[in-house]
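Here the structure comes first, spelled out in structure tokens, and everything after it is commentary.
Just so you know, these numbers come straight off a predicted model, no measurement behind them.
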Amino acid sequence: MTDDDTYSSGEIRTIALAVIAGIFFGGVATGVAFPTLPLLDERLIISTLMLSVILSANRIARLFMNTPAGTIIDRVGARTPMIVGLFTQALAPFGYILGLYVPEVVLGTIPVFGQVSLPGLVFVLSRLFWGIGSAFVFIGAFATVTYVTTSDNRGRWVGYLRGGQSLGFPAGLILGGVLTDIASMEIAFLAAGLLALIAGTVATLVLPDIHGGADTDSAKLRELPTLLRGRPAVLVIGFGNFTLQFLWGGVILATLARYASDFGLELSLLEAAGVSGVVMAVGVLTSGATTVIMGRVSDRVSDRTLLTLPAFCAMSIGFLVIAYVPTLEALFGAIFLIGLGMGAAAPALMAILGDLTPGDELGRMGGVYNVMGDIGLSLGPLVALPAVDAIGFQWTYALCAALVFSCLLVVSVPLLRNPKVTTSAVKAD
């Protein structure tokens with residue numbers, strides 16, 4: 001990424017805050033759905049497996065849309081695709097409301113998946129719309145913030161971007177649960193849709209038209225090896241993102257409640273589910289706060305990669321603590337360490353990717369980065385619970401510690417050897 005096109009600090013602030021608002025409200029709208037969707041299997045006349053399909057449909061759609069979305073953004077610029085993505089996301093919550101009121105008709109039965117109803121189909125399509133829109137939003141946000149910033153301030157704004165992304169989802173969980181309890185599911189979904197519409201409207205008014213016109217061929221998921229062949233550093237950064245998402249959004253999220261249950265961890269009146277919720281909240285808040293702080297710090301160090309060294313070490317220690325010290329106090333300390341590591345590593349990796357990527361490739365390389373993260377998010381729950389059943393919690397979490405520690409060799413060392421991964425402070429010398 002070159003620093004030839006410069007924006008004033010006020011312009012950067014306005015543009016970045018609009019992008020962050022879109023990401024945050026999108027995360028809120030996503031989180032609103034989670035306290036309610038798992039309760040709808042009987043109302044939608046579907047099996048538990050079909051409900052799982054509904055919950056994962058957005059992630060599957062985004063996984064396959066990341067690279068095409070990146071290509072489109074490189075061709076036409078980030079403004080229009082991101083705005084379209086925000087408004088496409090906004091269709092999903094209104095689709096949920098529609099799904100609650102369409103006739104309860106069973107359309108047929110699919111082997112293994114069970115009954116497919118009209119309401120269930122509406123929810124699946126709504127989640128697919130959300131996934132397609134979020135691909136354009138996430139990649140467009142990365143491309144926009146990276147393009148308008150320089151290596152002097154990129155870490156700061158990428159940190160804010162990641163912080164908004166991290167905190168939006170738990171805020172949505174709280175909002176969705178509260179609105180469902182005091183009002184109804186329909187009101188919760190309506191609030192999510194309105195927030196997404198507000199984000200799209202703000203983006204329409206504020207976002208500039210930047211870095212369009214790259215002469216690129218259409219990219220698909222199967223073409224990732226070709227995209228990465230000339231940019232091995234992107235694959236290294238992507239592996240780091242894969243590991244973070246695999247462990248944080250996959251393994252931890254999927255196993256924490258069961259871990260608390262099996263070891264009898266309780267907190268006041270809270271049992272396993274409540275304990276896991278509180279512990280995850282501590283981790284999310286720690287990660288979000290660390291992201292904001294470490295993003296600014298990365299602008300001041302000689303090499304952003306240096307921040308990944310203590311980050312990966314902290315996460316590795318956290319997983320070892322969970323593996324070998326199954327107490328409530330140790331669990332809080334471990335999740336705090338993992339949150340610190342996640343919050344330090346994620347913005348550094350994103351800022352490094354922005355430093356290394358030319359402006360006309362930000363969409364495609366951002367798409368690759370997101371694909372790797374989505375693969376981790378998708379594989380995490382699929383691997384975690386079978387692993388716990390097969391080898392137990394201790395070995396599962398110990399292997400997680402080994403995986404994140406391997407990032408020191410796979411991610412940190414190669415990037416430290418890359419002379420281009422520097423801040424502008426070094427360039428100025």
Exercise: identify the closest heavy-atom pair between [X] and [Y]:
X: Leu167; Y: Gly288; value: CD2-CA, 4.2 Å
X: Thr286; Y: Leu340; value: CG2-N, 3.7 Å
X: Ala384; Y: Thr255; value: CB-CG2, 3.6 Å
X: Leu337; Y: Ile317; value: CD1-CG2, 3.9 Å
X: Gly200; Y: Thr204; value: O-OG1, 2.8 Å
X: Arg304; Y: Ile352; value: CB-CG1, 3.7 Å

Quick one: pull up [atom1] in [X] and [atom2] in [Y] and give me the separation to the nearest 0.5 Å.
X: Ile338; Y: Ile252; atom1: CD1; atom2: CD1; answer: 4.5 Å
X: Thr149; Y: Ile15; atom1: OG1; atom2: CD1; answer: 10.0 Å
X: Leu403; Y: Leu399; atom1: CG; atom2: CG; answer: 9.0 Å
X: Ser126; Y: Leu121; atom1: OG; atom2: CG; answer: 9.0 Å
X: Asn153; Y: Ser298; atom1: CG; atom2: OG; answer: 10.0 Å
X: Leu247; Y: Met342; atom1: CG; atom2: CE; answer: 9.0 Å

Parallel, tilted or perpendicular: rings of Phe393 and Tyr397 (30°, 60°):
parallel
Indicate the ring-plane relationship of Tyr369 and Phe142, choosing parallel, tilted or perpendicular according to the 30° and 60° boundaries.
parallel
Arg62 and Asn370: CA distance, side-chain angles, deciding distance, side chain to side chain contact (heavy atoms under 4.5 Å, CB included) verdict:
CA-CA 9 Å; Arg62 189 174 68 206; Asn370 275 7; 5.6 Å; no
Before you tell me yes or no, could you show the steps for Trp248 and Met280 under side chain to side chain contact (heavy atoms under 4.5 Å, CB included), namely the whole-Å CA-CA distance, both residues' side-chain angles and the distance that decides it to 0.1 Å?
CA-CA 10 Å; Trp248 181 255; Met280 278 302 297; 4.2 Å; yes
Checking the side chain of [X] only, and the main-chain atoms of [Y] only, is there a donor and an acceptor separated by less than 3.5 Å?
X: Ser316; Y: Ala401; answer: yes
X: Asp299; Y: Arg156; answer: yes
X: Thr144; Y: Gly140; answer: yes
X: Arg154; Y: Ala351; answer: no
X: Ser134; Y: Gly131; answer: yes

Does Phe332 CZ have over 12 foreign heavy atoms under 6.0 Å away?
yes
Looking at Tyr259, I want to see if its OH is surrounded by more than 12 non-hydrogen atoms of other residues, nucleotides or ligands under 6.0 Å.
yes
Can you tell if the side chain of [X] reaches within under 4.5 Å of the side chain of [Y], non-hydrogen atoms only?
X: Leu197; Y: Phe87; result: yes
X: Met82; Y: Phe136; result: no
X: Val145; Y: Met350; result: no
X: Leu118; Y: Pro103; result: yes
X: Leu349; Y: Val411; result: yes
X: Ile237; Y: Leu356; result: yes
X: Ile322; Y: Leu331; result: yes
X: Leu416; Y: Leu306; result: yes

Run through Leu409, Leu307, Val404 and flag the one making a side-chain contact (heavy atoms from CB on, under 4.5 Å) with Phe312.
Val404
In a table with atom names and distances, give each donor-acceptor pair under 3.5 Å that connects a side chain of residues 91-100 to protein atoms at least two apart or in another chain.
unit_1: Tyr96; atom_1: OH; unit_2: Arg127; atom_2: NH1; d: 3.0

Would Phe242 and Val371 satisfy side chain to side chain contact (heavy atoms under 4.5 Å, CB included), going step by step from the backbone distance to the final call?
CA-CA 8 Å; Phe242 164 83; Val371 165; over 6 Å; no
Side chain to side chain contact (heavy atoms under 4.5 Å, CB included) between Asn66 and Asp374, intermediate numbers included:
CA-CA 9 Å; Asn66 276 325; Asp374 283 340; 2.9 Å; yes
